Amino acid sequence: MLKGKFSKAAVFGLACIAVVGMLALSACGGSSQSSSASSSSAASDEYTLVTPGTLTVATSPDYAPMEYQENGEIKGYDIALIKEVAKHLGLNADVQNQAFDSLVTQVAGGKTFDCAISAITIDDERAEQVAFTDAYYDSNLAIVVLKGSDVTSRDALNGQAIGAQSGSSGEAWAKENLKDIAYTPFQETPDMLAALRTGKIKAVIYDEPAAAYSIAHEYDDCDILEVIPTGEQYGIIVNTDNVALAEAINNALAEMQADGTIARLQQEWFGAAK
Amino acid sequence: MAAYLKPVLKHGLVTALALSLVLTFISPLLAGAMSVDVTTAKSNETGTGSVLGGEPTRVTWEALVGDGEQVSAVRVELPEGSSITDDSSVKVTVLEGTTRLSPENTAVMNKGDASVDVSFAAPLQPGQRLRLEMYKVSLPNVNGEVTLSGTYTLANGQVLDLAPSPAIEVTHASTAEKISNWLGEQPAVQAWNSVTFLRLFFQPELIVSSIPIVAVGWLISLGLVLVGFPLAIPIGLIAAFMKIARARILHVLAAIYTGVVRGTPLFLQIYIAFFGLPLLGIDINQYVLAIIVLAVNSGAYLCEIFRAGIQSVPNGQFEAARSLGMTGPQTMFYVIIPQTIRRVIPTMTSEFILLYKDTSLLAAVGVMELMLYSRSIVSLTGNMTPYIVAACFYLIVTLPLIRVVGNLEKRLALADSGGSAPKKKGRKNRRGAFAQMREEIAVNTEQAAEELQEQVRIEAHVDDASGPLDMDEALDELQDGAAVDAQIADADERGAQR
């Protein structure tokens with residue numbers, strides 16, 4: 001019988017190919033649509049939004065004071081900033097919780113979020129996947145250890161167990177600058193600091209503003225061993241097909257700088273304008 | 001050597017010594033020289049920390065302006081064999097302490113001699129730090145250390161050499177990395193990658209380069225569950241016996257154990273074990289701790305599976321076996337357990353599958369397993385493809401097992417409904433083995449019963465009239481193996497609970 005010649009496996013294989021093919025076709029269709037849309041929008045210099053009238057923003061709220069959750073509400077300097085930006089653009093801001101290491105991918109996908117603000121360091125490699133707005137904050141990295149730790153210098157970190165947030169510039173620095181370390185990535189900073197407290201890791205590396213804040217608040221048993229001057233800057237990321245949105249945000253940031261909104265927000269969140 | 005040269009030589013030596021002494025003395029004064037204190041390259045090999053020669057990487061170079069110097073321009077030369085392409089870029093950062101400055105500057109990348117020229121409108125002041133990040137530049141394809149050299153220009157026009165930089169360790173590319181790079185140059189692959197969805201989830205280069213890395217994580221995950229699950233079996237068995245034991249205290253203890261473990265998410269149990277125990281001074285290797293947590297968690301579920309399996313054997317069989325004079329443990333090991341094993345094997349396999357998938361939760365506390373290995377590449381590349389590779393690694397274990405569970409369940413249903421297995425080519429052997437197992441159990445039970453029957457007749461002064469009749473009834477029930485699988489099904493449902 002003819003039917004008998006097709007084994008189950010072959011049928012399954014064909015089905016798989018069919019499904020993947022369909023996915024590929026639909027993806028092709030989708031991308032050609034969006035690219036045509038973006039080219040037309042580029043001509044009229046208008047940005048596109050995932051949900052009309054709303055700026056859908058992704059953030060990883062585990063980085064106080066930049067972004068954090070309090071009683072289920074996402075707060076922080078970044079959040080206050082993006083809400084002001086949305087106000088300047090005449091939009092509502094819808095801020096949603098996402099893992100830090102998925103922010104770039106989500107925005108690059110372009111279907112779920114308009115932009116992400118999450119103390120994201122401007123970096124040419126990230127810039128290949130997404131477009132950055134102008135820098136809105138200067139930062140450095142900090143090495144954080146437990147108070148009374150036997151690790152007392154940057155060189156003493158070599159060969160130790162070190163942690164950082166997955167996908168962060170701290171992770172990149174640790175991997176690049178320290179030798180023979182046992183490196184552990186963490187999805188969220190509280191987990192990373194909990195591991196530091198257990199002694200499983202000897203030091204964690206993350207952004208200096210967040211480090212200073214955590215030590216001043218919950219983590220007074222930790223200390224900054226050293227600030228690493230990297231001079232990195234935070235930017236907001238948008239999809240590369242939606243550069244008009246980045247320009248609109250840049251204009252809003254410039255206006256906010258001029259009318260004193262940024263100084264007010266910095267005063268509010270950091271106690272001093274930077 | 002001519003004798004007259006000797007004094008000269010001696011003199012020379014003394015002069016040299018004196019000179020070097022003077023130099024050593026003066027060098028702190030010369031410390032004004034611009035010092036290069038950082039040169040690093042970002043790893044460009046997927047998942048490892050190595051820097052591959054001949055492949056694009058990001059080189060970071062930092063120097064501190066020396067005392068009394070004003071630097072108006074810097075030229076950094078990459079080692080011979082390096083390359084700068086049209087894709088390359090350079091980011092200039094100037095810092096004073098930890099404060100970022102933004103002096104006006106121009107940076108030029110020279111493709112010809114692989115160097116970077118940076119000049120400043122206003123010269124850099126002493127103590128300021130210049131940081132250059134050179135993106136998409138390739139270091140020479142060698143195995144060993146390379147250093148960057150260069151010159152800098154003072155405000156007065158004087159050009160000085162930069163001291164050699166700290167070394168960067170460079171290695172040759174691995175096979176997977178070479179295939180991956182070759183793939184990236186293929187037009188078909190580039191066309192495929194032009195579709196956002198395919199590039200982000202099915203990037204061919206990344207599939208190739210992440211397989212060897214993710215495979216390591218797969219072995220670790222598999223190892224964790226292959227050690228953890230067998231440990232969970234005795235835990236589950238003991239708890240199951242405790243649950244059906246008459247002693248109330250044992251029952252309560254087992255109920256607390258299974259209640260707490262089954263009533264809380266494994267994720268939470270992992271957090272408590274990993275962050276709580278070390279604070280109590282219990283310091284265990286994280287892989288050992290991971291195995292313990294998995295075993296304790298799975299033990300609770302297995303306990304319920306075993307208990308349900310044992311209790312699914314009709315009560316009549318306990319009574320029959322006991323009336324035959326079997327002791328409690330004998331009843332357990334010769335009558336009940338053999339039937340239980342057959343019934344719980346499909347559910348146990350499902351539990352194994354669940355536990356294997358649950359190893360991914362360990363990623364949250366930094367146990368390097370399948371999920372974390374793939375995530376480390378995702379975070380490095382901003383691309384989801386390694387997650388797809390990870391999914392495949394989960395599937396190569398779970399799919400065959402799911403099939404096995406399906407087959408076992410079908411057989412069990414057939415055996416319980418008393419129907420003979422439909423004959424199918426190529427499956428005879430496995431089905432045969434199963435029927436054989438069933439027969440053996442029946443034969444063993446029958447033999448045991450007969451032997452005991454004999455003994456009972458002789459020793460226990462059984463009433464001649466009623467004795468044999470009861471025995472026959474009991475034996476019927478023993479061999480029946482009636483289907484009471486409701487409890488097993490109940491245990492099955494917990495898959496959905498997690």
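First the proteins, then the strands, lettered A, B, ... as listed; each starts at 1. What you are looking at is a predicted structure, and each value in this text was computed from that prediction instead of being measured. FYI, side chains are in, hydrogens and waters are out, and symmetry mates aren't considered; it's all heavy atoms of this structure.
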Does any heavy atom of chain A fall under 4.5 Å from the side chain of [X], the backbone, both, or neither of them?
X: B:Leu280; answer: neither
X: B:Met368; answer: side chain
X: B:Tyr135; answer: side chain
X: B:Glu169; answer: neither
X: B:Thr93; answer: side chain
X: B:Tyr271; answer: side chain
X: B:Val38; answer: side chain

CD1 of A:Ile228 to CG of B:Leu95, rounded to nearest 0.5 Å, is 12.0 Å
Walk me through it: do B:Lys42 and A:Lys175 pass the test side chain to side chain contact (heavy atoms under 4.5 Å, CB included)?
CA-CA 8 Å; B:Lys42 188 177 179 180; A:Lys175 285 183 172 176; over 6 Å; no
Apply side chain to side chain contact (heavy atoms under 4.5 Å, CB included) to the pair B:Lys136 and A:Glu128, showing each step before the final yes or no.
CA-CA 11 Å; B:Lys136 296 252 162 146; A:Glu128 282 178 19; 2.9 Å; yes
On a heavy-atom basis, the closest approach of B:Arg375 and A:Asp101 is CD-OD2, 3.0 Å
Expected contact set for residues 192-201 of chain A against chain B at heavy-atom separation under 4.5 Å reads A:Ala194, A:Ala195, A:Arg197, A:Thr198, A:Lys200
Taking the side chain as every heavy atom from C-beta outward, state whether A:Thr105 and B:Leu200 have any pair of such atoms under 4.5 Å apart. yes
**Study point:** Donor-acceptor pair between A:Glu176 and B:Ser43 side chains, under 3.5 angstrom
**Key:** no
* To do: Using atom types as modelled and distance alone, determine if a side-chain donor or acceptor of B:Arg131 lies under 3.5 Å from a backbone N or O of A:Thr230.
  => yes
- Query: Looking only at atom types and distance, does a side-chain atom of A:Asn140 sit under 3.5 Å from a main-chain N or O of B:Thr98, one as donor and one as acceptor?
  - Reply: yes
* Asked: Hey, mind stepping through A:Ser102 and B:Met384 against side chain to side chain contact (heavy atoms under 4.5 Å, CB included) and telling me if it holds?
  -> CA-CA 8 Å; A:Ser102 73; B:Met384 292 291 181; 4.1 Å; yes
task = Show your working on side chain to side chain contact (heavy atoms under 4.5 Å, CB included) between B:Glu133 and A:Asp124 and close with a plain yes or no.
result = CA-CA 9 Å; B:Glu133 284 165 87; A:Asp124 284 18; over 6 Å; no
Applying a strict 4.5 Å limit to non-hydrogen atoms, the region of A:Ala172 in contact with chain B is side chain
